[in-house]
Amino acid sequence: MPTPSRAPAPRGWLVKTEPDVYSIDDLKRDRTTGWDGVRNYQARNFMRDEMKKGDPVLIYHSNAEPPGIVGLATVSREGHPDPTALDPDDPHFDPKSDPANPRWIQVELRFKRKFGRLLPLADLRDDPDLVGMPLLQRGQRLSVQPVSPAHLERVLTLAGSPPSR
DNA sequence: GCCAACGTTGGC
DNA sequence: GCCAACGTTGGC
């Protein structure tokens with residue numbers, strides 16, 4: 001029998017940022033921002049190929065005390081060239097990127113909410129429901145990574161937020 | 001500040 | 001194409 005066509009399961013994401021550089025409060029202030037400066041091919045490919053408008057995005061503070069997940073955003077614009085790679089005055093300028101065929105991609109994120117409390121990395125590591133989450137894997141340092149629906153729901157529950165929407 | 005893990009670079 | 005050297009990330 002024919003399988004009814006069904007929308008693909010919504011994908012969740014997690015992005016890292018150093019709060020000294022750009023924090024959840026900065027995103028709240030700006031409301032939207034181009035997630036620029038990512039210079040890793042795997043992370044770029046997620047932004048270029050897989051992050052879709054409306055996808056939920058967890059915001060993670062790295063190099064913070066303590067490090068942890070601090071809030072939620074959404075993809076408000078899909079992959080497009082990262083202007084900082086083409087700007088010689090920008091610290092993320094990449095002279096090897098051809099302006100006619102830009103090498104680096106960003107998405108635009110829109111602030112959704114800041115959690116009432118930071119969810120510390122150490123606590124997430126201890127949560128049996130989060131086993132296998134890429135963030136928690138040893139030596140993992142991707143700054144853009146997928147989050148399964150189950151892990152996303154668990155994080156939102158820990159944050160005291162509704163599991164969807 | 002230390003250092004493990006990982007990605008990139010470049011000599012060969 | 002191998003791999004050592006180097007630079008970066010990021011927790012601790």
Side-chain angles (χ1 to χ4, degrees), chain A residues 11-30 33-51 55-75 79-109 111-148 150-152 154-161:
Chain A
R11 287 201 80 168
W13 304 95
L14 178 145
V15 298
K16 297 181 182 177
T17 184
E18 300 190 25
D20 290 348
V21 179
Y22 194 86
S23 73
I24 185 79
D25 293 315
D26 294 323
L27 180 59
K28 181 177 183 179
R29 175 200 64 213
D30 295 344
T33 195
W35 206 255
D36 59 30
V38 175
R39 297 292 179 268
N40 170 282
Y41 287 103
Q42 195 176 351
R44 179 207 61 183
N45 293 348
F46 282 137
M47 293 197 290
R48 185 188 61 191
D49 304 331
E50 300 196 47
M51 294 178 81
D55 282 356
V57 182
L58 297 170
I59 305 295
Y60 176 87
H61 279 178
S62 61
N63 268 324
E65 188 48 53
I69 301 175
V70 291
L72 182 70
T74 192
V75 177
H80 54 282
D82 174 350
T84 67
L86 304 172
D87 177 0
D89 294 329
D90 192 281
H92 292 113
F93 175 61
D94 180 359
K96 291 183 285 189
S97 180
D98 173 7
N101 185 20
R103 171 179 309 200
W104 301 112
I105 296 295
Q106 65 177 14
V107 294
E108 182 189 80
L109 299 184
F111 176 82
K112 293 290 276 190
R113 67 174 161 269
K114 181 181 178 179
F115 296 158
R117 64 185 188 98
L118 175 144
L119 306 178
L121 178 62
D123 292 0
L124 302 178
R125 288 195 191 284
D126 288 340
D127 191 320
D129 290 341
L130 294 178
V131 168
M133 189 177 184
L135 177 70
L136 309 180
Q137 279 162 22
R138 171 181 180 78
Q140 164 300 126
R141 26 176 241 194
L142 255 194
S143 63
V144 177
Q145 44 181 269
V147 178
S148 74
H151 289 161
L152 178 69
R154 177 60 177 157
V155 168
L156 294 179
T157 297
L158 291 171
S161 306

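Below, chains carry the letters A, B, ... as their sequence lines are ordered, and counting in each starts from 1.
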Practice task
Name all residues meeting the side chain to side chain contact (heavy atoms under 4.5 Å, CB included) criterion together with A:Q140; count only those two or more places apart in sequence or in a different chain, and write none if there are none.
Solution key: A:K16, A:L135, A:Q137, A:L142, A:Q145
Exercise for the section: Please identify each residue that fulfils side chain to side chain contact (heavy atoms under 4.5 Å, CB included) with A:R125, with sequence neighbours left out. Expected result: A:L121, A:L136
Exercise for the section: Report the residues that fulfil salt bridge (Lys or Arg N to Asp or Glu O under 4.0 Å) with A:D25, sequence neighbours left out, ordered by chain and then residue number. Expected result: A:K114
Check the interface with nucleotides 2-12 of chain C: list each N/O to N/O pair with the protein under 3.5 Å, or write none.
| residue | atom | partner | partner atom | Å |
| --- | --- | --- | --- | --- |
| C:dT8 | O2 | A:R141 | NH1 | 2.9 |
| C:dG10 | OP1 | A:K16 | NZ | 2.9 |
| C:dG10 | OP1 | A:R141 | O | 2.9 |
| C:dG11 | OP1 | A:Y60 | OH | 2.5 |
| C:dG11 | OP2 | A:N63 | N | 3.1 |

Handout entry: salt bridge (Lys or Arg N to Asp or Glu O under 4.0 Å) partners for A:D129, two or more places apart
Key = A:R154
Fill in the blank from the handout: Residues at least two apart in sequence or cross-chain that pass side chain to side chain contact (heavy atoms under 4.5 Å, CB included) with A:N63, listed by chain then number, are A:E18
